[in-house]
Amino acid sequence: MKKINNILPILLSFFLMVSSCGKLDEVKNPLDGFKLIIDYDIFNTFISFRFIDTSTGELIGATDGSSVAVSITGQHKDGVVGQLGESKSEHLSFSGLLTLALNPKDPYVPSSGNLIQFIVNANYEGYRKQSLNVVISEEGNYSFEVYLEKEETSGGVREYYREFNVGSNGTPNDSIKIASLDNESFFILPDDAVLLDSASNIISNEEVGLWVTIYENFNLAPIPQSLVVETVEGDQVSQQSFDIVSLVKVKMRAGNSIVSSIKGASINLNIPLKEGVLNPITWENFAGGQKVKTWELNKENAWVNNNEEELKEHGGRLFLSVATNRLSFYAGAVTQPLCIFAGNAIFSLDENFIMKPVSPSLYCYREADLRYLGHIPYTISGDLHNEAFEFYVPQNNRLLLEVVNRDNTNSFKATPSQRLIHTPCVDNRLIQILLEPTSMDYNGSFVFNFLEEFPNEEFQVRASFYDVASGKHLLSQDYLVSDGKKVEVSTTMQQASSLKVTFSALNPDNSFTATPNEIIIQEPQVQGQEYQVALSPEKCLLSGTFEFNFSGQFPSGDIDFKVEVRDETTNNLIENIYLKCSETELLVPFNIVLAKSERAYLKVKRVVSGTKFHVAPYEFSIGDVCQKGLTWNVDISPVEMITVDINVKAVCPDTEIIPTLTGYYRLVWDEEWNEVELVYGNTTLDLEKNGTYEMGIIVDGELVSEIYTITGPSLNLEFDLDQDQCDKFGY
């Protein structure tokens, strides 16, 4: 908190002007819905807040006009009002600034015997909520800085940035303090500190950038990540187990110079312990009052002991205090002396191994948190192998040994695969390890021959390998095949005494029958075996060309049409294929893959959204679908509408009927029917000249229809009915 003596002149003059003109509560409130609680008195206490982004050091909202939302809670919250005397549930900052006032009436007049206390709660999207406890003991003007931290999006790294100037003597114009959510001031640079570059020269008259970075995720810091590191304590250089429990980095840059150190004062750091971190010796929580050594990382990446400090508690977090005159990484860390964990691993190979040698590695971890301590690779070719091991490990921690295969071409199962070591720093250990095979290499080839022609000359085949004894699927591989192609197979799979291989098509257009339908490989460990596979297609390619002949004048551009491929027996639709033609592109290729057993015909239909035209003929019988090089000649003519007088009669065995009823008609390629009323067998319709129509009537619930081509202005339709149908008409 900084108490300031100057009163905001604009604000003060505003209230003086208002009070000289009349009562404040007689002034129209410009903030609708808010209650003015001050009558005559001018405020005696103003509290100003600056909301600062910790990562940039800049006022929040100063550049984009956004606002920090502020609510007031606590004992005297009702006495805190806006500059106009309005009592709000929420105040909004402007350009990172907010000024509030205290009600100048009792009980909100501050004094040493009447401390006014309230809490400022700041909320800004994308940032952690921050609360500041304010205590006012006398009237006056106060200024507070509220630092808001961005929500952790980098997985455990919080960076704080400041800018300040140093004068000719290399000292800051004012002391630099950085507060975080964890502590009121976790970084302090005194105003008598002299900044030096790497050559110990004073940095003067420069603008300095300051970065302070707290790491919650130590793996993100560019520091040695091994558990065993080099440490320096006094004159003693040694290797130790080094468990970091808190970590901070301090960096300064002035122009093109790196600030290396300071003289005349010390930087004060309060480094928060990582949340949830345990003491790596007891594996229990740390507590206030416990001592932890603090360390500085030197240029040789060794940790130099700085001091041993007691853990302090603030706001529910534990901190270590560090005083230093160098800029570097600083850590709180627990060290443990190392001991040699040594012994012998006795490897034996199961008799069912087909391939040798095998390649196990023995990995060593700290059991409590699985921190890596080292590994030793071995090559085992037979029974028995006595292999030595030796690891430098923390003497106070339990260990976990794990056997891992480093070569998947001949994998195995290790028994035991893991071994817990309770007391590693005693005598040599003897560990028995049995290796049983779980995989093998297979090398062979398949030659694919096509017994008939396939729709595609090259396509993918999937080979699936199974263990004959268990029926278990081991793996699948895909091969690009063509007639007579030899495919070399080199793969690793679970060990099996014999294999079954089956083949399947990945593209349904190239489904096939394989002969043999499965291959049994009796000795898969024998290299270079070759197998012949004959493939017969289950589908074939129907291909041809539509040759379009135009009559009449057509508009420029493409003409869209649809070809329905239908089953010749059932009339069921197999597939729709959309094509285009134009006056300059009369030959349009057509291809479709169909089952060999199918018989089909083609039905040419115009696309409704496209250019209207007539097609003749509109159906083509194919029969056997395994044909190539066919040609379908199609005449296309433009649409001309004419009025057609239609006369309908039904012809019975003994008479003729001129019906009055509802008739139906449609173009042959349309799905929907159109209705028309026949009066004494007559109606008039606007139809497409040269269009082919299906026309009909319903007799006894069934449609009786005929197909006609419209060639002129009149059309006589006759429907031949049997006697039963005629009887339905009453004849």
Side-chain angles (χ1 to χ4, degrees), residues 449-460 481-484 505 507-513 535-552 554 557-639 667-671 688 690-694 707-709:
N449 296 294
F450 294 175
L451 298 184
E452 301 174 52
E453 192 172 12
F454 275 86
N456 297 313
E457 296 179 354
E458 190 176 54
F459 57 92
Q460 283 190 308
V481 306
S482 57
D483 189 16
N507 186 340
D509 283 354
N510 286 285
S511 58
F512 57 77
T513 301
L535 302 181
S536 299
E538 295 179 347
K539 294 186 177 182
C540 60
L541 180 68
L542 169 65
S543 68
T545 302
F546 280 96
E547 184 173 337
F548 294 97
N549 303 300
F550 291 95
S551 63
F554 268 78
D558 295 333
I559 298 177
D560 298 304
F561 61 95
K562 175 174 68 174
V563 178
E564 294 181 347
V565 183
R566 292 185 173 272
D567 185 287
E568 189 177 71
T569 304
T570 64
N571 197 40
N572 291 333
L573 177 67
I574 299 173
E575 188 173 345
N576 284 322
I577 298 179
Y578 291 86
L579 302 177
K580 292 178 181 292
C581 72
S582 68
E583 291 183 279
T584 58
E585 294 183 7
L586 303 177
L587 302 179
V588 180
F590 179 88
N591 300 283
I592 185 171
V593 176
L594 298 169
K596 292 170 62 177
S597 59
E598 288 180 316
R599 294 178 63 83
Y601 73 94
L602 308 181
K603 190 172 185 178
V604 182
K605 303 174 70 171
R606 73 187 184 198
V607 177
V608 174
S609 60
T611 303
K612 286 187 177 182
F613 54 84
H614 295 302
V615 173
Y618 66 91
E619 287 186 353
F620 298 91
S621 177
I622 301 298
D624 181 9
V625 298
C626 296
Q627 299 185 65
K628 293 184 177 180
L630 302 178
T631 300
W632 300 286
N633 290 290
V634 181
D635 292 329
I636 295 181
S637 57
V639 170
L667 284 161
V668 289
W669 43 59
D670 289 342
E671 301 298 330
E688 297 179 4
N690 297 320
T692 303
Y693 286 84
E694 184 175 5
I707 292 178
Y708 298 89
T709 299

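If you read the sequence from its start, that first residue is 1, and numbering goes on from there.
- Between the side chain of Tyr693 and the backbone N or O of Glu688, at least one donor-acceptor pair lies under 3.5 Å.
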**Asked** Does the side chain to side chain contact (heavy atoms under 4.5 Å, CB included) test come out yes or no for His614 and Val639, once each step is laid out?
**Response** CA-CA 6 Å; His614 295 302; Val639 170; 3.9 Å; yes

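- Nearest heavy atom pair, residue Ser536 against residue Glu452, reads CB-OE2, 4.3 Å.
- Here the closest non-hydrogen pair linking Leu579 and Pro589 is CD2-O, 4.2 Å.
- Considering only residues two or more places apart in sequence or on other chains, Phe459 meets the ring-ring contact (aromatic ring centres under 6.0 Å, His included) condition with Phe450, Phe454.
- Within the 4.5 Å cutoff, no side-chain heavy atoms of Lys580 are placed close to those of Val588.
- Rounding to the nearest 0.5 Å places OH of Tyr601 at 10.5 Å from OG1 of Thr569.
- Residues Asn633 and Pro617 approach most closely at O-CD, 3.7 Å, considering heavy atoms.
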**Asked** After noting the C-alpha distance and the side-chain angles of Thr513 and Glu538, does the key distance pass the side chain to side chain contact (heavy atoms under 4.5 Å, CB included) rule?
**Response** CA-CA 7 Å; Thr513 301; Glu538 295 179 347; 3.2 Å; yes

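- Looking only at side-chain heavy atoms (C-beta outward), Leu535 and Asn449 stay at 4.5 Å or farther from each other.
- Ser637 pairs by the side-chain hydrogen bond (donor to acceptor under 3.5 Å, both in side chains) definition with nothing, not counting sequence neighbours.
- With rounding to the nearest 0.5 Å, the separation of NZ in Lys596 from SG in Cys626 is 6.0 Å.
- The structure places CG of Leu594 at 5.5 Å from CD1 of Ile574, a figure rounded to the nearest 0.5 Å.
- Under the salt bridge (charged side-chain N to carboxylate O under 4.0 Å, His left out) criterion, the residue pairs touching residues 564-579 are Lys562-Glu564, Glu564-Arg566, Glu564-Lys605, Glu568-Arg599, with sequence neighbours excluded.
- In this structure, Lys603 NZ and Phe620 CZ are separated by 13.0 Å, a value rounded to the nearest 0.5 Å.
- Applying the salt bridge (charged side-chain N to carboxylate O under 4.0 Å, His left out) definition to pairs two or more places apart or across chains, those involving residues 618-636 are Glu453-Lys628.
- Looking at residues two or more places apart in sequence or on another chain, you find a ring-ring contact (aromatic ring centres under 6.0 Å, His included) between Phe590 and Phe546, Trp632.
- By the 4.5 Å heavy-atom criterion applied to side chains, Val481 and Phe512 are not counted as neighbours.
- Val634 places none of its side-chain heavy atoms less than 4.5 Å from the side chain of Cys581.
- Residues that satisfy the side-chain hydrogen bond (donor to acceptor under 3.5 Å, both in side chains) test with Asn591, not counting sequence neighbours, are absent from this structure.
- A heavy-atom distance below 4.5 Å is not found between the side chains of Val615 and Arg606.
- Across Asp509 and Lys539, no two heavy atoms sit closer than the pair O-CB, 3.9 Å.
- Atom OG of Ser543 is separated from atom CG of Leu630 by 6.5 Å, given to the nearest 0.5 angstrom.
- Not one N or O on the side chain of Glu585 forms a donor-acceptor pair closer than 3.5 Å with the backbone of Ser582.
- One finds the OG1 atom of Thr584 at 7.5 Å from the CG atom of Leu586 (value rounded to the nearest 0.5 Å).
- Between Phe613 and Phe548, the distance separating the two ring centers is not shorter than 6.0 angstrom.
- A side-chain donor-acceptor contact under 3.5 Å links Asn510 to the backbone of Asn456.
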